[in-house]
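The chains referred to below are lettered A, B, ... by the order of the sequence lines, with proteins before strands, and numbering in each begins at 1.
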Amino acid sequence: MSYWIIKSDPESYSWEQMKKDKKTFWDGVRNYQARNNLKLMKEGDIALFYHSNSDKALVGEVEIIKEYYQDPTTDDDRWVCVDVRYLCDYKKPLTLEVMKANKGFSEVGLIKQSRLSVMPITIKEYELIKSFVD
DNA sequence: GCCAACGTTGGC
DNA sequence: GCCAACGTTGGC
């Protein structure tokens, strides 16, 4: 059981849309490092949904319900996607600002490598996040 | 809207 | 196989 952060620009796919859809496939990853992380995801893993740009905050959680398969939006067999379903909303979204101010998050990819769109987090980091969001 | 960081591409 | 040029992303 692993924990992840997946990032989305609300202009292309927002959390509101995610909640409306209930489940979706996480496609469009075109970066090797992010792709490799997608491939490591297992059914039942938890991914935290991060809004980049306007919100810059973790807004809720989804569950991985299907492991990686060929991304149907491209013929290029280098790229994969996974299926996720809506799990829960955060009462208080955790902003990038707060994460930057707290030492416990200093190793999180969001801080260290802001362009990576899929990244693992440790259970400790996950628990720390949970202590902020409700 | 600017710019820094980083990934990718292509010429050599 | 190196590196310059270029494109993209995301924070500010």
(message) Side chains of A:E61 and A:Y3 only: does a donor on one sit below 3.5 Å from an acceptor on the other?
(response) no

(request) Using the ring pair (Phe, Tyr, Trp, His ring centres under 6.0 Å) rule, pick out the option among A:W15, A:Y90, A:Y86 that qualifies with A:F49. (result) A:W15

(request) Produce a footprint string for nucleotides 7-12 of chain C: one letter per nucleotide, 5' end first; B if the base is under 4.0 Å from any protein heavy atom, S if only the sugar-phosphate is, - if neither. (result) BBBBSS

(request) Any chance you could measure A:L87, atom CG, to A:I64, atom CD1, to the nearest 0.5 Å? (result) 10.0 Å

(request) Identify, with sequence neighbours excluded, every residue that meets side chain to side chain contact (heavy atoms under 4.5 Å, CB included) alongside A:T122. (result) A:K124, A:E125

(message) Applying ring-ring contact (aromatic ring centres under 6.0 Å, His included) as the test, list every pair that has at least one member in residues 59-80 of chain A; sequence neighbours left out.
(response) A:Y32-A:W79

